[in-house]
Amino acid sequence: MALSRLRLPSAEDCLQEFDADKDGLLSLGELGDCLNTVLRRSGCEGSKRLSGEILEEYSLRADGAAVGLGALGRLLEAATDRASIARSARSRSPVRVGENADAGFFNAEAKEASLQKEAIGWAAPSCLDTIPIASEDEIPTIDWATCHEDPEGFVARLRDACKKVGFFFLANHGIEQDVLDAGTRLIEEFGSLSYEVKQKYTMDQGRFPSGTGYLPLHSRKLPRRPKGNVVEAFIVKREHGPRNIRLEDMPWPCELGIAWRRAVEQYAAAMEELACKLLPFLSAALGEADSYLNPAFRSPLWRLRLSRYPACSGYEDGQYGIAPHVDTSFFTLLHRSEIESSLVVWAFCSERWVRVPTKPGALVVNAGEILRQVSNDTFQSARHYVLNASDHPRSSLAFFFNATADFKMPVAVGAGGGPAKYPPSAYLDSQGVVQGE
Ligand SMILES: O=C(O)CCC(=O)C(=O)O
Ligand SMILES: [Fe+2]
């Protein structure tokens, strides 16, 4: 997005000027003053409203904690970005997502705001009792072994699953059960660390790349919702693309030693290999040549989320293990370790919430928002959530696979669905903003 950015003061200068009690942190009041003043000085109209919005969003994401230098830097960036977007939007006719394929403008903030509002109306039950187990038609099983002997049939099944629900099982995917079991152990080992240790690696404290590290139980981030998610998670990511985010930069807990880190890397490498193998088939499912997606995936970005859901005898209304959301990825490869079917998905084809059956060994694959967009809305990026209403904790590892983060992916013409509903857009300009990248 070619926006002329507003001049950004340094976070150090802001901390000096607005840290009234000189404790090296900005309280929410001080932060509000700081953002408002910076925006006003930059000539931003409506600086008070904008700083109020940013502050509200920040308190929702970070549970109202005081702000240190790293977080302040990112908030200032967010403030000036938004002011630039507002300025740029004023200087041309406003464009909403899906309305004008030529505009090259994706309003990610507006998208996230509407998603949050919309999610409240999704009427997702917080109790499993009334939710049926999905039929084979709703969550089909696709056998990876058939992709060589019957590639056309494989592609047809892939396309059908993506159109009907956007979720399917991938069986015989070639990843050894040992690797999957090791994945489950990794999150259990992380979970068994004391809170004092885990909180050293808390996400978005300015010490590690954004969106990586520890998300404590009841965090209201990822997805950002008013009630905390009853899950704890640890997230790492790697980007060979423009920002060159390396595995070395991740908040590896030294308490678990190098073997733990290497095992996480090994798990992610196995998933990445499989994800890359799926690309030619997805290209074909989109109605394009097998090599269609290759240029977009030269330097992929992935995120790996290891989640641990505590046993829970019941959830309050509107509370979930992970709240209803859609994935921001191109697609996601999910491994679950659970006793009861706890993953709930909105089945577009039957218009009902269904529980994804447990299927040891098979991976769950689901299309994310970017793939939906690239398919011109012919594929579903299904809403889903987790309720672990069980006597046992539940673990999952979600591998979110994305194209090169700044690669502007166009809608695949072969996908159908009429004229392109979206401009070419890059992850960093669209879902990356939603994801807080
Ligand atoms: O734990 C699961 O089964 C799903 C997790 C999920 O949807 C996510 O992390 O985006
Ligand atoms: Fe998800």
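Everything quoted here is computed from the prediction, not taken from an experiment. As the structure lists them, so they are numbered: ligands from 1, and atoms in each ligand from 1.
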Discussion item. With heavy-atom distances below 4.5 Å as the criterion, would you say the side chains of Tyr309 and Ile322 are in contact?
Written reply: yes
Show the distances, to 0.1 Å, for all pairs joining an N/O atom of ligand 1 and a protein N/O atom that are shorter than 3.5 Å, listing one pair per line.
unit_1, atom_1, unit_2, atom_2, d
ligand 1, 1 (O), Tyr309, OH, 2.6
ligand 1, 1 (O), Arg394, NH1, 2.9
ligand 1, 1 (O), Ser396, OG, 2.7
ligand 1, 3 (O), Arg394, NH1, 3.3
ligand 1, 3 (O), Arg394, NH2, 2.9
ligand 1, 7 (O), His325, NE2, 3.1
ligand 1, 7 (O), His384, NE2, 3.0
ligand 1, 10 (O), His325, NE2, 3.0
ligand 1, 10 (O), Asp327, OD1, 3.3

- [ ] Go through Arg238 and Glu265 one step at a time and tell me if the salt bridge (Lys or Arg N to Asp or Glu O under 4.0 Å) criterion holds.
- [x] CA-CA 10 Å; Arg238 196 232 48 210; Glu265 291 175 348; over 6 Å; no
- Taking the six-membered ring where the residue is Trp, are the ring centres of Phe401 and Phe330 under 6.0 Å apart? no
Item to complete: Kindly determine whether Glu340 and Arg355 satisfy side-chain contact (heavy atoms from CB on, under 4.5 Å), including the steps that lead there.
Response: CA-CA 10 Å; Glu340 285 224 55; Arg355 290 159 69 178; 3.4 Å; yes
State whether a side-chain donor-acceptor pair under 3.5 Å links [X] with [Y].
| X | Y | answer |
| --- | --- | --- |
| Arg336 | Ser342 | no |
| Tyr214 | Gln205 | no |
| Ser283 | Glu288 | no |

* Proximal protein heteroatoms (N, O or S) of the Fe ion (ligand 2), under 2.8 Å ->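 The answer, once waters are left aside, is His325 NE2, Asp327 OD1, His384 NE2.
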message = Which label fits Phe234 and Trp252: parallel for a plane angle under 30°, tilted from 30 to 60°, or perpendicular past 60°?
response =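 Ring orientation, 0 to 90° scale: tilted.
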Mutual orientation of the aromatic rings belonging to Phe399 and Trp302 [parallel < 30°, tilted 30-60°, perpendicular > 60°] =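 Geometry flag for Trp302 against Phe399: tilted rings.
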